[in-house]
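First the proteins, then the strands, lettered A, B, ... as listed; each starts at 1.
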Protein chains: 2
Amino acid sequence: MAVSDKQTEERIFEAATDIFVEKGMDGARMQDIANRAGINKAMLHYYFRSKDHLFNAVFEKVAAKMFEKFSPVLDEELSLQDKIRFFYREHITFLQNNQQLPAFILNEINRNPERIKRLLKNLELDKLWMMILEKHGEELKDFNITPDLMPQIMVSIASLSVFPFAARGILEALFEKTNVDFDKFMEERKTFAADFVIRALKK
Amino acid sequence: MAVSDKQTEERIFEAATDIFVEKGMDGARMQDIANRAGINKAMLHYYFRSKDHLFNAVFEKVAAKMFEKFSPVLDEELSLQDKIRFFYREHITFLQNNQQLPAFILNEINRNPERIKRLLKNLELDKLWMMILEKHGEELKDFNITPDLMPQIMVSIASLSVFPFAARGILEALFEKTNVDFDKFMEERKTFAADFVIRALKK
DNA sequence: GTCTATAGAAGGATAGAC
DNA sequence: GTCTATCCTTCTATAGAC
């Protein structure tokens, strides 16, 4: 059996990821994690010492998974427009397969802002922006993009794909009466968001 | 003293709001609420029976406060463009004064999606859209706005103002190295977001 | 209505046998 | 490494005096 072949530590880690992402740090119970992993509570402490240690391990893994999805766009040899389209296709697809990640990460960061600072200490955002600006130097005259606007632009781009997943509960309640299906909505959003941003940025 | 003159129930409710919004349902402690209200734990149960009852009372009040901020825009006698500008000015100002609300509400809804459905049972979103479309009928030929796009458009508009507050912890960590100040960023966003959306929607 | 004291349950953590 | 049993703290909730 694939499951029972897995090493215990890995089984615990995966169970903990499921439970923490679903319930959050405060709502998660060590007993629930042990149950899902198919072992007893004592093993959790044997491998991870404490709930806090276990949570930190899970959070760092999960947050890294989330953030690294933002970068591959940069390497692609595409026009600025096509990069935006590429980004939303890839990013929304990723979030479709990890629907609870945005809410989990946003929430846990607000509970403990220090955590994120450790995680992002290597990220040099200003240099990233400069790379983008330089790489697409010639195209930029067609766009409303300047260095000082980069924070607003980047946050706007991320908002359009991340927010709907973070707000899924509300959106589904709102959509219920209007016969809009959330999954279909997100599928269409891959192109809608790209078009929206491109029009917003084009001169 | 204004504070000690307040009726006990109200003092409890306000203290509970502060604590629940800050820590979430699972992280909040009845003792903390009692301390902040300046009374003992027993009184919380005397007035609100249980932590669950108290939380529900707080959540419904807070969520209502959030949602009702979306509607006054509709009553204003403004062009579509000016409504969008008006919305972001008002809405971001409201969120600046209630910075923790987005993360709190998004998170608690994901933990208990049923709650939101009760709250939104009176909201008839489809009729709202129709009202907007009818009211601005003549202007619409200049915009990429059709009934079937309304869900995407409305979610996009909300994303741009709500998401940055929900993600404040991340943004501040990212901004730290680039000398961007979050408060200044949100102040500028009142006009940036409006311009962004208007360009995105204009033909 | 308000307080103190405490019941009763739950949860994180550990001791110790195997 | 893995298990059972249990410790100890924390938390919600209530009993009962005033």
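Nucleic acid contact for A:A28: sugar-phosphate only, since backbone atoms but no base atoms lie under 4.0 Å from a heavy atom of the residue. Note on A:M30: only backbone sugar-phosphate atoms sit closer than 4.0 angstrom, heavy atoms only; bases stay farther off. Within 4.0 Å (heavy atoms only), A:F48 reaches no atom of the nucleic acid at all.
The aromatic rings of B:F55 and B:F104 sit perpendicular to each other, their planes meeting at more than 60°, with 30° as the lower class boundary. Ring-plane geometry between B:F70 and B:H91 is classed as tilted, the angle between the planes lying from 30 to 60 degrees on a 0 to 90 degree scale.
Atom P of nucleotide D:dT12 and atom CG of B:N40 are separated by 14 Å, given to the nearest angstrom. Separating the CE atom of A:M43 from the C1' atom of D:dT4 is a distance of 13 Å, rounded to the nearest angstrom.
Counting only residues at least two apart or on different chains, the salt bridge (Lys or Arg N to Asp or Glu O under 4.0 Å) pairs with a member in residues 37-60 of chain B are B:E60-B:R118.
Using a 4.0 Å cut-off between a side-chain N of Lys or Arg and a carboxylate O of Asp or Glu, A:K190 and A:E187 qualify as a salt bridge.
Ranked by how close their nearest DNA chain C nucleotide is to the 5' end, A:A42 and A:R29 are led by A:R29.
Counted by atom type alone, B:E108 and B:N112 present zero donor-acceptor pairs between their side chains at under 3.5 Å.
Of all nucleotides in DNA chain C, those with any atom nearer than 4.0 Å to a heavy atom of chain B start and finish, going 5' to 3', at C:dG1 to C:dT4.
At a threshold of 4.5 Å between non-hydrogen side-chain atoms, the residues A:F143 and A:Q81 count as touching.
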